[in-house]
Amino acid sequence: MHNEPLRTVDPELHELVLAEERLQAQKIRLIPSENYASAAVIEATGTVLTNKYSEGYPGRRYYEGQQIIDQVEVLARDRAKALFGAEAANVQPYSGSPANLAVYFAFCKPGDTVMGMALPHGGHLTHGWNVSITGAFFKSVQYQVRKEDHRIDYDQVRELAREHRPKLIFAGATAYPRIIDFARFAEIAKEVGAIFAADIAHIAGLVAGGAHPSPVPHADVVTTTTHKTLRGPRGGMILCKKDHRKAINNAVFPGLQGGPHNHTTAAIAVALKEAATPAFKEYAAQIVANAKALAAALIERGYDLVSGGTENHLILIDLTKKNVPGKVAAQALDAAGMVCNYNTVPFDPRKPMDPSGIRLGTPAITSRGMKEPEMVKLAAWMDRIISKPEDAELQAKVAAEIAEHCKAFPAPGIPIR
Ligand code: DSN
């Protein structure tokens with residue numbers, strides 16, 4: 001029983017995995033935080049490293065038998081430091097939210113003032129939004145984008161920081177299509193004596209591949225997930241200046257977590273090795289080129305893009321002028337083989353569960369080898385569906401066209417069956 005394959009032990013679950021494989025292979029996946037991990041990354045996550053407990057850090061563990069695990073973690077840590085040019089790295093956070101919580105725990109006490117970008121303006125829940133523990137346990141001051149151009153209002157960031165003197169300032173976003181000026185944030189943080197944390201979860205692959213400026217020279221701490229543009233397993237990572245290494249390590253373990261997920265650490269090491277290759281640099285540049293091409297093709301078809309376009313991997317469309325709610329559009333697109341998510345747009349008059357926009361990203365389709373000509377086709381497919389979101393027959397027809405189209409672009413990590 002213990003050595004039988006999944007298909008024998010649990011045919012029901014095995015069939016669900018195969019069905020998800022088919023979905024991921026046949027659809028154009030446009031959620032900007034998703035990707036296709038390579039076969040090697042997936043293989044590393046499915047290894048016996050999952051069997052081992054290793055609370056502590058390499059050379060200082062609370063369990064014996066760490067001869068191999070220590071080497072795995074050191075490899076991942078060293079590769080992270082080398083790839084991003086960081087003085088210290090912690091590869092144990094279970095994902096992005098725990099990584100961010102560790103930063104709060106390292107530098108703040110409950111009730112302290114913190115600053116981050118408001119969620120409806122593109123920030124993340126853990127940057128102090130009110131429904132998150134980070135908004136409930138800290139006094140959170142939220143900055144926004146400007147109404148006229150949807151760019152971060154750095155003057156407002158500075159004014160708020162001078163007024164509220166936060167302990168910690170977060171930069172980083174989940175729905176911001178523009179380059180973030182990390183040097184400017186660092187200047188503001190320095191002026192008010194705050195710790196500057198850059199959350200690069202969305203853009204870590206772009207930073208590693210040289211397609212977005214790096215926060216590492218400017219920030220005290222940099223947090224990231226490892227599974228978005230970086231194309232690793234689901235996990236998290238914290239880079240920091242060496243003066244903060246102890247505080248960050250203590251905050252992750254024993255502060256927040258128990259044993260690290262060693263199979264994930266191994267897969268992060270693999271992803272970091274892949275991210276150090278010339279091919280990854282090309283991929284990072286192509287993500288941005290694809291996003292720009294898709295944005296241009298959508299603008300040509302009369303779509304209203306937040307900030308007027310993109311400089312990174314994502315696009316936010318405000319569908320107000322098209323008279324289609326974001327949720328309706330996202331559901332129609334999914335039925336037609338294009339998976340995205342509905343999303344608030346800055347100053348959205350509608351509710352988060354029924355907002356005005358949709359969010360698109362190019363990392364996953366770039367990993368499949370799609371380039372600019374495919375972005376023009378994609379905009380045409382999207383436009384056909386959004387123009388008639390109630391037409392189920394059209395959705396089925398486009399879904400079949402897309403499934404056929406996808407055959408020419410095999411998805412990394414998915415066996416061809
Ligand atoms: N849930 C992620 C995203 O989709 O942007 C952020 O954590």
Side-chain angles (χ1 to χ4, degrees), residues 23-24 27-37 93-104 116-135 140 142 145 150 152 170-180 197-207 212 215 221-238 256 264 268 271 287-288 291 306-307 310-317 326-327 329-331 333-334 338-346 348 352-353 355 357-367:
L23 275 190
Q24 293 192 16
K27 289 191 171 191
I28 291 186
R29 296 171 62 234
L30 294 165
I31 293 176
S33 45
E34 292 185 352
N35 212 328
Y36 294 96
Y94 298 145
S95 197
S97 296
N100 286 347
L101 277 186
V103 175
Y104 288 93
M117 177 139 88
L119 183 74
H121 288 249
H124 189 251
L125 280 165
T126 56
H127 298 175
W129 190 239
N130 54 10
V131 298
S132 148
I133 187 171
T134 61
S140 170
Q142 300 270 276
V145 297
H150 301 141
I152 291 172
F170 257 100
T174 62
Y176 184 67
R178 296 289 164 178
I179 300 279
I180 297 177
D199 176 348
I200 59 166
H202 264 257
I203 56 168
L206 303 185
V207 170
H212 188 292
V221 187
V222 176
T223 63
T224 185
T225 50
T226 47
H227 48 271
K228 299 187 175 91
T229 48
L230 194 54
R231 216 162 53 182
R234 298 197 84 86
M237 211 161 68
I238 304 176
L256 273 180
T264 302
I268 290 173
I287 288 176
V288 179
V306 168
S307 85
T310 182
E311 293 164 339
N312 59 20
H313 63 303
L314 74 79
I315 294 168
L316 256 185
I317 309 182
K327 193 172 194 168
Q331 287 172 347
L333 288 167
D334 186 33
M338 292 166 278
V339 191
C340 68
N341 65 278
Y342 54 89
N343 215 96
T344 49
V345 297
D348 202 329
M353 275 306 282
I358 54 174
R359 187 181 68 150
L360 313 172
T362 52
I365 51 179
T366 305
S367 291

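Throughout, residue positions are numbered sequentially from 1 according to the sequence presented. As the structure lists them, so they are numbered: ligands from 1, and atoms in each ligand from 1.
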Query raised in the report: Which ligand 1 atoms, with their elements, are less than 4.0 angstrom from a heavy-atom of T174?
Result: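 Answer, ordered by atom number: 5 (O), 6 (C).
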
Query - H124: numbered ligand 1 atoms lying under 4.0 Å from its heavy atoms - result: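 Listed by number with element: 6 (C), 7 (O).
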
Report task. Tell me which protein heavy atom sits closest to atom 5 (O) of ligand 1, plus the residue, atom name and distance to 0.1 Å. Result ->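 For this ligand atom, the closest protein heavy atom is H202 NE2, 2.6 Å.
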
Requested in this report: If you have a sec, work out which protein heavy atom is nearest atom 1 (N) of ligand 1 and how many Å separate them, to one decimal?
Outcome: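 Result: S33 OG, 4.7 Å.
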
Roughly how far, to the nearest 0.5 Å, is [atom2] of [Y] from [atom1] of [X]?
X	Y	atom1	atom2	value
L101	S132	CG	OG	7.0 Å
T344	L316	OG1	CG	7.5 Å
T229	L206	OG1	CG	4.5 Å

Query - Whether R359 lies under 4.0 Å from ligand 1, heavy atom - result: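 Yes, R359 has a heavy atom closer than 4.0 Å to ligand 1.
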
Report task. Fit a plane to each ring of H313 and H202, take the angle between them on a 0 to 90° scale, and name the class: parallel (under 30°), tilted (30 to 60°) or perpendicular (over 60°). Result ->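 Geometry flag for H202 against H313: tilted rings.
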
Query raised in the report: Are any non-hydrogen protein atoms located under 4.0 Å from atom 7 (O) of ligand 1?
Result: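 Yes, because at least one protein heavy atom sits under 4.0 Å from atom 7 (O) of ligand 1.
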
Query raised in the report: Knowing that exactly one of V222, T224, D199 qualifies, which makes a side chain to side chain contact (heavy atoms under 4.5 Å, CB included) with P215?
Result: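 Checked V222, T224, D199 against P215; only one passes side chain to side chain contact (heavy atoms under 4.5 Å, CB included): V222.
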
